[in-house]
Amino acid sequence: MSEIRFENVSKVFDGNIAALQEFSLKIPSPRLVVLVGPSGCGKTTLLRLIAGLERPTSGEIYLGDDRLDTKDVRSRDVAMVFQNYALYPHMTVRGNLSFGLRIRKVPKETIAARVKEVSKSLEIDTLLDRRPAQLSGGQRQRVALGRAIIREPRVFLFDEPLSNLDARLRDEMRYLIRRLYQRLKTSTIYVTHDQVEAMTIGEMLVVLKDGRIHQVGSPSECYERPGDTFVASFLGSPPMNLIDGTFEAASGKVRLDTGTEFAVAAGVADAIGAERGIVVGIRPEAFGTSPPDGVGLAFAGRISLRETLGHDVLTHVDLGGREIIARGCDPGEAGSDCTVYTSPDAVHFFEKRSGTRIVARERTAEGQV
Ligand SMILES: Nc1ncnc2c1ncn2[C@@H]1O[C@H](COP(=O)(O)OP(=O)(O)O)[C@@H](O)[C@H]1O
Ligand SMILES: [Mg+2]
């Protein structure tokens with residue numbers, strides 16, 4: 001079991017495309033880490049650097065005490081599963097599964113035993129004589145998974161392995177990957193642009209944008225305490241409502257662009273400090289149709305759209321040119337006026353200029369900061 005460590009890793013393509021910038025991270029072993037971010041943020045590049053398909057422009061990568069980024073590909077002991085499966089089309093399933101062991105000169109009997117064991121665990125043992133073209137997408141991805149597992153690597157790398165599968169198969173494979181991890185306890189870095197997938201699979205999330213880390217934490221930490229407005233709006237569907245406003249130091253109140261005004265807790269006022277622009281974040285599910293304990297923030301507007309999702313209702317409320325989305329409460333039909341409320345405790349505060357989260361300061365018993 002070895003920790004994976006990235007020290008100031010940067011990758012610049014063609015002299016000016018910075019795919020990764022000063023990426024530093026320690027992953028304790030074993031962990032199932034999900035690297036999540038929009039398309040083009042550098043996810044695949046990071047995996048390719050670990051696998052040895054690319055070299056960092058600067059920085060170092062370690063696996064335990066071994067420096068990884070200078071090793072040649074074959075001796076790195078990591079296995080990557082790709083989005084498009086990348087199976088050898090002219091080889092049977094058995095040939096695909098055993099290839100990595102054959103080139104490492106593993107004894108024949110060992111290979112046969114491993115193929116049997118791995119194919120059974122993935123329920124592909126009846127397909128061993130077929131070629132990839134004779135398999136469904138889900139079966140191909142199981143073979144790709146088997147090909148990685150059979151080598152017993154020190155690290156698994158998954159690059160959006162579910163994106164070519166339909167929704168049902170995705171759920172099934174997601175479950176399979178989690179179970180595999182629980183059984184093998186091999187550190188896994190799983191890459192996806194899909195925040196729902198990230199939240200359900202990961203023990204640890206790394207949220208990436210433009211080659212930079214925005215937040216590292218458990219899925220619930222990142223969801224409940226997003227470190228900036230990017231993470232706030234990237235995690236969650238529909239995303240957190242972000243509303244611009246101004247903090248007035250004299251009154252200790254925040255006035256939102258929607259007209260809503262409310263007093264902030266003393267610790268928050270201390271943290272904001274002077275009069276300045278802020279962004280307020282409210283999760284859709286934090287709205288209700290009655291004021292919590294009579295101290296709620298009220299948002300009055302007109303319902304522009306009511307979406308029923310079977311188990312849930314989304315209500316789009318137009319607050320005079322600006323729309324918010326409420327989830328779970330059901331304030332009325334499209335076209336009608338409504339007021340939705342939220343508790344001051346459910347409000348997230350961000351600095352307007354940087355987008356960074358404002359963390360309330362603790363006050364001492366005397367009320368001093
Ligand atoms: N071989 C390459 N040559 C030039 N630019 C590349 C290369 N590979 C990736 N990039 C660029 O680096 C950035 C990150 O790409 P990538 O790691 O593939 O992102 P992701 O997997 O998150 O979608 C993108 O701007 C992409 O265009
Ligand atoms: Mg990619």
Side-chain angles (χ1 to χ4, degrees), residues 4-25 27 31-61 68-70 72-73 76 78-87 137 140-141 144-145 147-148 155-166 169-170 173-174 177 187-202 204-217 219 222 226-237 239 355:
I4 308 169
R5 211 163 68 247
F6 302 89
E7 291 183 0
N8 297 314
V9 174
S10 294
K11 178 68 184 174
V12 181
F13 288 107
D14 304 331
N16 62 355
I17 304 168
L20 281 177
Q21 306 183 55
E22 300 284 315
F23 187 97
S24 291
L25 180 68
I27 303 175
R31 279 292 185 286
L32 176 46
V33 179
V34 175
L35 193 66
V36 63
S39 175
C41 72
K43 304 181 295 293
T44 297
T45 301
L46 189 80
L47 295 190
R48 289 174 61 83
L49 289 171
I50 303 169
L53 304 170
E54 302 279 359
R55 284 280 165 101
T57 309
S58 58
E60 290 154 28
I61 305 172
L68 207 60
D69 55 280
T70 46
D72 64 74
V73 178
R76 287 194 186 203
V78 304
M80 188 153 164
V81 176
F82 300 88
Q83 172 179 354
N84 59 4
Y85 324 127
L87 299 175
R140 278 179 215 174
Q141 197 50 293
L145 213 62
R147 199 173 51 171
V155 182
F156 285 120
L157 307 174
F158 288 99
D159 193 2
E160 314 223 14
L162 311 187
S163 42
N164 286 342
L165 304 176
D166 64 42
L169 265 176
R170 267 210 299 273
M173 286 294 289
R174 200 155 67 186
I177 288 170
S187 273
T188 301
I189 304 181
Y190 185 106
V191 155
T192 179
H193 68 275
D194 181 335
Q195 52 92 18
V196 177
E197 199 172 299
M199 299 282 293
T200 40
I201 283 197
M204 175 175 169
L205 284 193
V206 178
V207 187
L208 202 64
K209 184 188 172 224
D210 297 337
R212 286 185 191 279
I213 294 180
H214 275 242
Q215 192 162 1
V216 178
C222 294
D228 59 30
T229 47
F230 170 70
V231 178
S233 55
F234 188 72
L235 299 180
S237 173

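Counting convention: from 1, in listed order, for ligands and their atoms alike. Keep in mind that what you see is a predicted model, and the values were worked out from it rather than measured.
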Which residue and atom name correspond to the protein heavy atom nearest [atom], and how close is it?
{"atom": "atom 16 (P) of ligand 1", "value": "Thr45 OG1, 3.6 Å"}
{"atom": "atom 25 (O) of ligand 1", "value": "Ile17 CG2, 3.9 Å"}
{"atom": "atom 20 (P) of ligand 1", "value": "Gly40 N, 3.4 Å"}
{"atom": "atom 1 (N) of ligand 1", "value": "Phe13 CE2, 3.6 Å"}
{"atom": "atom 12 (O) of ligand 1", "value": "Ala19 CB, 3.4 Å"}

message: If we ignore hydrogens and angles and just use 3.5 Å, is the side chain of Thr192 paired with the main-chain N or O of Val36 as donor and acceptor?
response: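 Judged by distance alone, no pair lies under 3.5 Å.
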task: Please answer whether the main-chain N or O of Ile61 pairs with a side-chain N or O of Asp69 as donor and acceptor at a distance below 3.5 Å.
output: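 Yes; at least one donor-acceptor contact below 3.5 Å.
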Atom pair [atom1]/[atom2] of [X] and [Y] - distance to nearest 0.5 Å:
{"X": "Leu68", "Y": "Ile4", "atom1": "CG", "atom2": "CD1", "value": "8.5 Å"}
{"X": "Leu157", "Y": "Tyr190", "atom1": "CG", "atom2": "OH", "value": "13.0 Å"}
{"X": "Leu32", "Y": "Met204", "atom1": "CG", "atom2": "CE", "value": "11.0 Å"}
{"X": "Ile213", "Y": "Leu20", "atom1": "CD1", "atom2": "CG", "value": "9.0 Å"}

message: Would Lys43 count as a polar contact of ligand 1, with the cut-off being nitrogen or oxygen pairs under 3.5 Å?
response: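 Min N/O separation from ligand 1 is below 3.5 Å for Lys43.
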task: Taking only heavy atoms of Asp14 into account, list the atoms of ligand 1 that are under 4.0 Å away from them.
output: 4 (C)
Among Leu46, Asn8, Thr45, side-chain contact (heavy atoms from CB on, under 4.5 Å) partner for Phe23: Leu46
task: Answer yes or no for atom 18 (O) of ligand 1: protein heavy atom present at a distance under 4.0 Å?
output: yes
message: Yes or no, since that's all I need: does a protein heavy atom fall within a distance strictly under 4.0 Å of atom 14 (C) of ligand 1?
response: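 Within 4.0 Å: yes, protein heavy atom nearby.
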query: Any N/O/S atom of Thr45 sitting less than 2.8 Å from the Mg ion (ligand 2), backbone or side chain?
result: no
